[in-house]
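Notes for the one structure printed next.
To find a chain, count down the sequence lines: A is the first, B the second, and so on, and within it residues start at 1.
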Amino acid sequence: MTTYSYYPGCSLKGTGKAYEESLLAVCGALGVELKELEDWNCCGATAYMAVEELSAFALAGRNLALAEQDPVDLLAPCSACYLVLNKTQRYVAEYPEIRQKVEQALKAAGLTYRGTAKIRHPLDVLVNDIGLKAISGKITKPLRGLRVVPYYGCQIVRPYATFDSQTHPVAMDQLLKATGAEVVKYPLKTRCCGGSQTGTLPEVGLRLAYILLKEAHKRGGDVLATVCPLCQFNLEGYQDKLASEYDDFVPMPVLYFTQLLGLALGLPAKQLGLRRSLVPSEPILARRNLHAA
Amino acid sequence: MNKRFDPSIVGFFCNWCTYLAADLAGTSRMKYAPNVRVVRTMCSGRVDPQMILWAFRHGADGVLIGGCHPGDCHYQEGNYKALRRITLLRTMLPQFGIEPERLRLEWISASEGERLRDVVNEFTEQIRRLGPLRKEAAPTAAMAA
Amino acid sequence: MTAIKQMMKYEADRDKEFAHWVTGVVGAEKIRQCIQCGMCSATCPLSIYMDYTPRRLIHLAREGFKQEVLGSFAIWLCASCYSCTVECPKQIKVTDVMYALKRRAIQEGAYPKRLPIPVLAREFYKMVRGHGRITEGRLVFNLFLKTNLLKMLGMTRLGLGLLRTGRFSFFKESIKHRKELGALLDAVKSSKEVAA
Amino acid sequence: MRLESENPLTLSNNGSSRIGFYVCHCGTNIAGVVDVQALAEYAAKLPGVVVSREYKYMCSDPGQELIQQDIKGNRLNRIVVASCSPHLHEQTFRTATAKGGLNPFYFHMVNIREHVSWVHEDRTRATQKAKALVRAAIQRVSFHKPLERKRVPIHPDVLILGGGIAGIHAALTMADAGKHVYLVERDPTIGGHMAKFDKTFPTLDCAACILTPKMSMVRAHPNITLWTYSEVTHVEGYVGNFKVKVKRKPRYIHEELCTGCLACVDACVYKDARYPDEFNLGLGKRKPIYIPFAQATPLVVLIDPETCIQFKSGKCKKTCVEACAERRAIDFEQREETKEIEVGTIILSTGFQVFDAKRIPNYGYGIYPNVYTALEIERLINASGPTAGEVVLRDGRKPQTVGIIHCVGSRDENTNRWCSRVCCMYSLKLAHLLKEHTGAEVYNFYIDIRTPGKGFEEFYDRLLKEGVHFIRGRVAEVTDWAMTPDEEGKLVIRAEDTLAGFVRRVPVDLVVLSVGLEGHADAEDVRRTFNITCSTEGFFLERHPKLAPVDTFTDGIFLAGCCQGPKDIPDTVAQAGAAAAQCMALIDRGYMEIEPNTAWIEEELCSGCHVCIAMCPYTAIHFDAQKKVAVLNEALCKGCGTCVAACPSGAAQQNLFRDEQLFAEVEGVLV
């Protein structure tokens with residue numbers, strides 16, 4: 001049984017609940033143990049890092065310091081957390097001035113930092129540690145006929161893509177193929193969804209979401225698969241608004257890749273938080289004769 | 001320390017690679033520490049352990065030897081011989097009370113001006129941290145002979 | 001009819017301190033090597049809305065045209081997608097430069113008033129300082145009280161939807177060692193004062 | 001004798017040395033940083049120094065005069081000059097010393113420009129370092145001994161590696177001068193990249209028309225031995241007599257028997273060509289038995305064992321053999337053979353490879369069929385190309401709009417840092433030709449247009465007149481997702497129009513990637529085989545960027561063409577001529593003087609321990625069983641000095657690098 005330390009991040013406790021639920025369910029089914037990082041705190045968040053860089057580094061630093069106490073890899077499902085934690089580790093190593101300040105701050109909190117934690121994304125772990133072979137072996141309800149659009153978003157691959165291409169990632173494509181789903185060729189797979197903008201500049205964030213969803217639909221996608229709670233929220237949350245603003249807009253369910261994997265593993269819809277969707281996926285699943293258990 | 005220690009370092013540079021790298025650093029106007037004084041040899045294989053001890057004996061705080069990358073020796077394999085000698089000598093240095101860190105062998109090709117600059121700066125800093133080589137530590141002529 | 005405005009610049013219009021500052025910014029080490037190829041702008045998904053493209057900001061900044069840079073709306077459009085940073089042929093970390101410009105603009109109070117960014121930052125900080133975690137629902141709610149955010153979004157329906165699906169929790173997320181975390185954040189603040 | 005003395009200076013300088021010291025200002029290059037005045041004054045006080053002067057340019061005639069007069073006037077017997085790198089002017093000053101009537105090896109040079117004034121800023125510390133180096137030289141030079149230069153004869157034959165335009169031009173130049181040339185080419189035909197081009201910029205004369213005549217001249221020339229489909233596997237020896245092994249790959253055809261009638265190709269059991277042909281970069285097809293292209297030189301077919309049925313199954317009707325009939329040129333049993341030759345000089349003209357566009361996935365090469373590299377377009381618009389000059393895309397359409405993307409794999413820290421120098425001009429050329437062939441709307445996406453050549457800027461002006469679009473901005477991506485109706489079914493190029501200050505999306509039918517030039521993937525192996533230096537970019541390093549641009553650091557080996565760095569055809573040909581001249585200068589002189597830095601062994605000191613014998617990489621040392629001492633064969637010694645460093649009894653010594661010279665120098669930089 002492989003074990004990982006697990007850093008949920010704030011979103012997975014809120015708008016991204018379904019991500020946490022499906023992730024835990026899938027890991028359980030694949031014999032992966034996740035130990036939630038003891039007393040983790042907010043990662044520092046990109047939006048915040050933009051305006052309070054050092055505090056953000058310090059916040060991330062605390063999580064890393066806590067994680068280091070356990071030799072196992074640290075799992076960060078939220079792309080933003082994944083980026084901030086990785087970036088902090090790199091910059092503390094690269095820039096002495098940052099290192100000195102972060103260490104000083106951690107000292108105030110009675111912590112020490114060595115920079116040994118290995119920050120991983122669940123997608124990386126599932127594809128490279130568990131392995132596609134092992135996973136396809138456990139598929140009981142293949143998602144045959146379901147046309148899935150693989151959307152990676154930005155911060156999982158940029159700038160710290162250690163496990164996949166920064167411009168043309170394929171890990172999720174392979175994973176989705178393993179579930180039996182039909183993977184749609186999607187050139188926008190790493191284009192930013194504008195999530196971090198919708199809060200402050202809605203017209204901008206919405207426009208980016210519209211471009212992604214429109215193209216996904218044009219290429220015949222049934223559902224769009226994401227790896228990040230912010231993308232999921234931004235792409236799903238405002239679809240009614242998009243519908244009212246763009247007459248050629250067609251709503252599309254936006255699911256976490258873990259939810260789709262869960263379905264293929266035959267896990268019950270409840271465990272996968274399918275009902276938390278604002279754009280229900282049941283109709284399309286039904287149309288493809290894929291009724292969740 | 002009230003006055004910053006300014007180490008004197010002898011550099012034995014191979015005529016075909018490291019010496020040219022230093023020339024390149026010059027023509028590219030790169031700036032680096034003036035502590036390394038270069039003695040040109042045709043090949044790093046010409047550098048005699050006694051020459052190194054002689055350098056320490058006469059006040060060098062560090063010795064830097066620059067040769068061609070493995071496989072690139074202008075004389076086929078002189079750099080490997082240098083490598084063997086230096087490795088051996090490093091193990092003996094403590095007997096003279098000299099820290100092995102004061103002796104370094106680096107492969108720097110003719111095109112690696114930037115690398116030369118970095119190695120010189122970095123080595124100079126290292127020697128500065130080690131501080132001056134205590135005179136009584138230096139090998140006597142007898143030892144060197 | 002629009003007023004005629006002088007566009008030409010005098011050398012005296014350059015803020016050399018600003019130009020010097022930007023070259024010292026973390027991630028901007030190579031900003032002087034920018035060849036103005038425009039890759040950053042071309043790869044940026046938000047450049048379509050920018051008054052000054054990232055490329056122009058880079059040049060204006062290194063030349064010290066502070067007003068133009070800090071006054072530009074573009075720096076607030078950066079969505080941190082890091083395309084520019086990854087693609088830049090001179091390996092300038094453009095995203096970090098954008099961050100630095102945002103921070104400087106806030107310091108100098110030179111941000112577009114329609115943006116609740118400082119409020120967001122303040123609320124965010126308060127919540128993290130207090131509880132160590134963000135309860136998204138509360139954060140948005142507080143913002144709603146402080147700004148007209150939700151109204152601006154016109155998305156009260158979204159809020160209801162989130163409530164219905166149990167994704168909009170008001171239950172306060174919180175960590176155990178709040179005191180230590182507070183100390184940690186204060187340490188950063190003080191260290192910054194030292195730096196300043 | 002080695003180290004009894006604490007101070008070699010006293011040991012050496014029993015008043016016998018009368019040293020003249022000269023420090024060069026090199027304008028302000030040295031004087032700007034080093035206090036030359038102080039340096040001269042300092043040297044004047046050093047034991048043995050009789051004359052100490054500073055002068056603006058020591059390498060100038062008056063500078064050299066100065067040395068000569070002082071030698072005579074002040075009875076100097078040693079000369080030290082502190083100026084630039086010995087790699088630049090050591091010869092100059094040795095000659096001056098000799099002109100003054102002294103043995104040139106009584107001279108020693110101190111490098112206070114490249115190694116001091118150009119790399120240090122602090123005047124005091126720079127001067128201090130300069131003093132140390134000068135003191136070292138002055139101590140060292142007292143130990144110098146008069147030496148005679150060794151002369152090695154130059155074998156009159158020449159090896160040229162690489163049969164592109166550079167190799168071809170160099171070969172013809174020397175062959176016409178009566179030298180015998182071995183021209184070795186890795187491909188089945190000579191011609192290189194130039195043979196693939198359609199037209200050449202800026203004159204637009206057809207590449208084949210100017211190249212192929214030269215190719216056949218090579219084939220016909222009595223003084224040229226042409227070995228295509230061959231590679232150099234081993235090189236030993238040194239300037240004057242290199243021994244070279246050449247591997248001749250089997251083409252399964254007896255070259256001397258084949259008349260190039262191509263009957264065998266027609267007769268091949270494969271009625272039509274079905275395998276991607278290398279010459280057309282896979283845009284065309286060939287049979288298992290084929291010639292690369294119509295004017296291939298030599299015009300000899302070859303068989304590709306990968307695709308030939310006879311090789312794969314052994315069960316072919318061998319209709320080719322029938323067709324060849326009594327000429328019996330075809331030989332399925334042909335084996336690889338190795339030739340051994342001796343040459344005195346070598347020219348490397350191995351050329352370049354184009355940047356692999358797949359390395360930038362954002363440009364969609366290999367993803368979208370209508371994205372081409374510039375080289376592919378050359379074939380596509382070439383009348384003798386796979387489409388007979390008709391520009392038809394992989395999907396059968398004819399382009400109405402074309403986007404040419406400059407700097408693909410150039411000026412980019414993430415791929416290649418350098419400017420590939422020819423892309424701007426060939427992009428302009430292709431823009432013109434594509435417009436001419438298709439009447440399409442052509443867009444150039446560039447960062448800077450670089451046209452520094454005769455008639456280049458005028459050509460750019462012509463393109464502007466022709467109404468080609470120039471958008472200044474590096475392209476971010478080529479995609480196939482449409483935002484507007486007119487983008488549907490097109491390739492969309494996204495770039496900032498940096499002169500307009502906003503981002504643009506331009507839909508096109510054909511994307512041309514102007515790929516940069518880089519060193520061959522195996523340049524490293526070639527470099528090692530010939531024992532020359534590569535610059536970090538993978539191009540071969542010239543001896544001096546300005547004063548020895550075709551020389552390498554290995555005597556007798558010269559460079560021509562793009563293997564030294566990207567350059568266009570005129571520059572390549574000029575460089576090839578220069579390299580040829582360098583070889584002939586050596587050949588016609590008949591000998592080369594080499595550094596007398598060889599080693600020798602003092603019999604009476606030798607203990608016969610054999611250590612040196614094992615050390616010598618050139619087996620120059622053998623053991624004299626009678627005398628029980630090691631004996632060194634000076635003719636074989638290359639002067640690395642490894643044996644000297646190894647000799648426990650100090651019997652082995654090296655000219656110009658004797659123990660006492662080096663010990664004195666070391667002490668000098670330190671005292």
Side-chain angles (χ1 to χ4, degrees), chain B residues 6 8 10-12 15-17 19-20 22-43 45-52 54-55 57-60 68 71-78 81-82 85 109-112 114-115 117 120 141-142 144-145, chain D residues 2-6 84-88 111 113-122 125-126 128-130 132-133 136 140 527-528 531 533-537 541 545 553-554 595 597 615 617-618 638-647 654 656-657 659 662-663 665-671:
Chain B
D6 203 22
S8 40
V10 176
F12 294 101
N15 176 66
W16 302 104
C17 53
Y19 191 91
L20 290 169
D23 279 4
L24 178 60
T27 42
S28 331
R29 308 297 198 278
M30 297 171 184
K31 303 299 174 211
Y32 57 83
N35 300 65
V36 174
R37 281 85 202 263
V38 177
V39 173
R40 183 166 65 117
T41 59
M42 292 311 285
C43 176
R46 170 65 181 93
V47 179
D48 181 340
Q50 304 205 47
M51 239 144 62
I52 297 167
W54 178 258
R57 160 97 184 71
H58 286 272
C68 305
D72 293 0
C73 178
H74 192 78
Y75 304 101
Q76 292 177 22
E77 53 202 22
K81 289 164 183 144
R85 288 192 195 117
S109 84
S111 57
E112 297 178 313
E114 293 182 1
R115 195 170 132 63
R117 175 197 60 199
V120 167
Chain D
R2 299 172 83 164
L3 308 174
E4 299 80 16
S5 157
E6 278 304 301
C84 50
S85 168
H87 284 279
L88 210 56
N111 184 348
R113 193 179 72 173
E114 283 81 352
H115 288 196
V116 179
S117 66
W118 276 353
V119 288
H120 306 318
E121 284 158 317
D122 179 332
R125 299 180 73 200
Q128 188 189 351
K129 179 178 176 181
L133 294 173
R140 179 195 217 276
R527 184 181 66 72
R528 288 195 175 169
N531 191 6
T533 325
C534 252
S535 24
T536 26
E537 286 80 18
L541 189 66
F553 282 101
T554 305
E595 275 294 277
N597 56 15
M615 281 293 150
Y618 304 100
K638 306 268 191 314
C640 61
T642 312
C643 55
V644 185
C647 178
Q654 178 187 14
L656 288 174
F657 297 91
D659 280 335
L662 287 174
F663 279 90
E665 193 175 352
V666 170
E667 194 195 4
V669 294
L670 289 168
V671 169

**Item:** N111(D) CG to D23(B) CG distance, which is reported to the nearest 0.5 Å
**Value:** 5.5 Å
**Prompt:** With a 4.5 angstrom heavy-atom cut-off, which part of N35(B) approaches chain D: side chain, backbone, both or neither?
**Reply:** side chain
**Item:** Pairwise side-chain contact, V666(D) with F12(B), heavy-atom cut-off 4.5 Å (strictly under)
**Value:** yes
**Prompt:** Does R46(B) reach the main-chain N or O of F657(D) with its side chain, forming a donor-acceptor pair under 3.5 Å?
**Reply:** yes
**Item:** Spatial distance of atom CD (E595(D)) from atom CG (N15(B)) [nearest 0.5 Å]
**Value:** 8.5 Å
**Complete:** Whatever's closer than 4.5 Å to a heavy atom in chain D on M30(B) counts as backbone
**Fill in**
Scanning both residues in full, the closest heavy-atom pair of Y618(D) with Y75(B) reads OH-CA, 3.1 Å
**Message:** Using every non-hydrogen atom in the two residues, find where R37(B) and A132(D) come nearest and quote the distance to one decimal.
**Reply:** NH1-CB, 3.5 Å
**Asked** Do the ring planes of Y19(B) and H87(D) sit parallel (below 30°), tilted (30 to 60°) or perpendicular (above 60°)?
**Response** tilted
**Request:** Taking the side chain as every heavy atom from C-beta outward, state whether H74(B) and T554(D) have any atom pair closer than 4.5 Å.
**Result:** yes
**Item:** Among the listed options L24(B), V39(B), V36(B), the residue most often paired with chain D at heavy-atom distances under 4.5 Å
**Value:** V39(B)
**Message:** Any heavy-atom pair between the side chains of V669(D) and H58(B) that's under 4.5 Å?
**Reply:** no
**Request:** Flag the one option from S8(B), G71(B), C17(B) with the top tally of heavy-atom pairs under 4.5 Å to chain D.
**Result:** G71(B)
**Prompt:** Picking from E665(D), R113(D), R125(D), which has the most non-hydrogen pairs under 4.5 angstrom with chain B?
**Reply:** R125(D)
**Prompt:** What heavy-atom pair brings L662(D) and R40(B) nearest, and what distance separates the two atoms?
**Reply:** CD2-O, 4.2 Å
**Request:** Before giving the answer on side chain to side chain contact (heavy atoms under 4.5 Å, CB included), spell out for R85(B) and T642(D) the whole-Å C-alpha distance, their side-chain angles and the decisive distance to 0.1 Å.
**Result:** CA-CA 11 Å; R85(B) 288 192 195 117; T642(D) 312; 3.6 Å; yes
**Prompt:** Tell me, side chain or backbone of V47(B) under 4.5 Å from chain D's heavy atoms, or both, or neither?
**Reply:** backbone
**Prompt:** Can you name the closest pair of heavy atoms from L541(D) and A110(B) and give their distance?
**Reply:** CD2-CB, 3.9 Å
**Prompt:** Is there a side-chain contact between V119(D) and R117(B) (heavy atoms, below 4.5 Å)?
**Reply:** no
**Prompt:** For A646(D), is it the side chain, the backbone, both, or neither that has a heavy atom closer than 4.5 Å to a heavy atom of chain B?
**Reply:** both
**Asked** Do the side chain of H120(D) and the main chain of K31(B) share a donor and acceptor less than 3.5 angstrom apart?
**Response** no
**Item:** Rounded distance [0.5 Å steps], CG in N531(D) versus SG in C68(B)
**Value:** 8.5 Å
**Prompt:** Is there side-chain contact between F553(D) and L20(B), with at least one heavy-atom pair below 4.5 Å?
**Reply:** yes
**Message:** Can you give me the closest heavy-atom contact between Q76(B) and P617(D), atom names plus distance?
**Reply:** OE1-O, 3.6 Å
**Message:** Counting only non-hydrogen atoms closer than 4.5 Å, does A33(B) touch chain D with its backbone (N, CA, C, O), its side chain (CB onward), both, or neither?
**Reply:** backbone
**Message:** Is Q654(D) close to chain B through its backbone or its side chain, or both, or neither, when contacts mean heavy atoms under 4.5 Å?
**Reply:** side chain
**Smallest separation among heavy atoms of A645(D) and G45(B), with atom names** = CB-O, 3.3 Å
**Request:** Enter the distance from E114(D):CD to S28(B):OG here, rounded to the nearest 0.5 Å.
**Result:** 10.0 Å
